Amino acid sequence: MPDLLWPIKWVIELILVVFHNIWTFVGFGADSGLTWVLTVVGLVLVVRAALIPVFVRQIKSQRNMMLVQPELQKLQKKYKGKTDRDSREKFAREQMDLYKRTGSNPLSSCLPLLLQMPIFISLFFVINDAQNNRDGVGLLDAELAESFREASFLGAKLSATFISTFDDGFDGESVWAVRILAAVMVVLMSASQFITQKQIMAKNQNPDVQNSQFMQTQKILLYVLPFVFLISGVSFPLALVTYWLSSNVWTMVQQFIVIRNMPTPGSIAYKERQARLAKKGKLKIEEDSATESAESEPEKPSGQRQQPVNKSRRKKKK
């Protein structure tokens with residue numbers, strides 16, 4: 001295990017042991033698979049709660065990215081067809097200045113995922129050490145490591161993977177229990193990833209930026225990320241799949257709450273929120289936009305055009 005991950009692994013073991021002790025104190029069996037599943041879920045709650053400030057920053061950055069798309073499109077048109085080095089450098093510089101000025105970041109949607117990867121990898125090493133009868137680096141001693149390794153949930157060991165075979169020490173019944181449970185959880189993990197991204201694209205984007213480069217990238221990620229999880233998930237131990245599925249459920253619920261209460265202006269979610277507020281009497285329903293714009297325009301004189309009166313004619317009238 002890389003030395004860089006040692007502190008993260010130590011903290012993960014601490015959180016796992018604390019939650020395991022809490023569940024056993026409440027009355028769950030120390031070696032029960034359900035106890036260890038709830039322990040992993042507890043780890044997810046701690047990690048995701050710690051990442052809430054990052055998530056808020058991500059939402060703000062994503063919203064700014066959507067709002068800045070018209071300016072970005074103008075910038076792209078300005079340098080369209082210019083392939084010389086000087087033009088490319090100017091375009092890159094102006095693009096970065098635009099991102100900096102508006103507080104937007106093209107990688108904002110991947111930030112929580114990137115921050116969780118060291119935790120995910122460290123948890124993998126915790127399970128791997130337990131599988132190989134090695135003590136943890138912190139509070140996860142040999143007894144707890146063995147309990148984690150041998151714990152079964154719905155007939156499937158949490159340390160097993162979908163591609164576990166008979167040579168791994170499982171009997172036929174255990175293999176099929178692992179594969180069925182792993183297949184269901186991996187599909188749910190990928191589906192929850194897809195639904196979360198789809199929520200943003202379907203309800204929380206301004207129609208004006210639907211064809212922008214940023215949204216095209218989001219559409220690619222919509223299908224790529226769930227596919228990656230679907231393929232790689234078959235090699236994850238069930239405890240890791242439990243972590244990622246629980247994390248995705250958290251993200252999905254959190255995203256739903258944010259989109260419902262802080263939608264992007266001009267999006268479908270924004271209009272739905274305005275309608276809800278209007279129904280509750282918290283938002284004054286304004287007149288039709290056409291009428292409103294007509295009233296705001298200066299009144300045009302009708303009939304014959306009035307000729308200007310010069311100074312000499314004014315004097316005669318006096």
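Predicted, not measured: the structure shown is a model, and the values here were computed from it.
The ring-ring contact (aromatic ring centres under 6.0 Å, His included) test applied to Trp23 returns Phe28, not counting sequence neighbours. Under the rule for a salt bridge (Lys or Arg N to Asp or Glu O under 4.0 Å), the partners of Lys90 that lie at least two apart in sequence or sit in another chain are Asp86. The side chain to side chain donor-acceptor pair (under 3.5 Å) check on Arg276 picks up nothing, with sequence neighbours excluded. Every salt bridge (Lys or Arg N to Asp or Glu O under 4.0 Å) that Glu150 has, sequence neighbours left out, goes to Lys157.
Nearest heavy-atom pair across Val17 and Leu144 is CG2-CD1, 3.8 Å. When all heavy atoms of Asn248 and Gln193 are compared, the pair lying nearest together is OD1-OE1, 3.4 Å.
Note that the CG atom of Leu43 and the CG atom of Leu14 stand 10.5 Å from one another [nearest 0.5 Å].
Val47 is listed as a side-chain neighbour of Tyr243, based on a closest heavy-atom distance under 4.5 Å. Using a 4.5 Å cut-off on side-chain heavy atoms (C-beta onward), Glu146 and Arg149 make contact. The side-chain heavy atoms of Lys271 and Ile268, taken from C-beta on, include no pair separated by under 4.5 Å. Annotation: side chain of Leu16 is in contact with side chain of Leu123 (closest heavy-atom distance under 4.5 Å). For the pair Leu34 and Phe153, the minimum side-chain heavy-atom distance is below 4.5 Å.
Looking only at atom types and distance, the side chain of Ser147 has a donor-acceptor partner in the side chain of Trp36 under 3.5 Å away.
At most 12 heavy atoms of other shown residues, nucleotides or ligands fall within 6.0 angstrom of atom CD in Glu143.
Grouping Ile, Leu, Val, Met, Phe, Trp and Tyr residues whose side-chain heavy atoms lie under 4.5 Å apart, directly or via other members, places Phe227 in a hydrophobic cluster with Ile231.
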Q: Could you please spell out the steps behind the side-chain contact (heavy atoms from CB on, under 4.5 Å) verdict for Arg48 and Val44?
A: CA-CA 6 Å; Arg48 295 312 304 267; Val44 172; 3.9 Å; yes
Q: Apply side-chain contact (heavy atoms from CB on, under 4.5 Å) to the pair Ser192 and Leu188, showing each step before the final yes or no.
A: CA-CA 6 Å; Ser192 58; Leu188 289 175; 5.9 Å; no
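Under the 30°/60° scheme for interplanar angles, the aromatic rings of Trp244 and Phe120 are found to stand perpendicular.
A salt bridge between Arg93 and Glu89 is absent, with no side-chain N of the basic residue lying under 4.0 Å from a carboxylate O of the acidic one.
Of the possible polar contacts, none joining the Glu13 side chain to the Val126 backbone as a donor-acceptor pair under 3.5 Å is found. Thr161 places no side-chain N or O within donor-acceptor distance of the main-chain N or O of Ser235, the cut-off being under 3.5 Å.
For residues 180-202, the set of pairs meeting the ring-ring contact (aromatic ring centres under 6.0 Å, His included) definition, not counting sequence neighbours, comprises Phe194-Tyr223.
Grouping the Ile, Leu, Val, Met, Phe, Trp and Tyr side chains by contacts below 4.5 angstrom, directly or via other members, places Tyr270 apart from Ile257.
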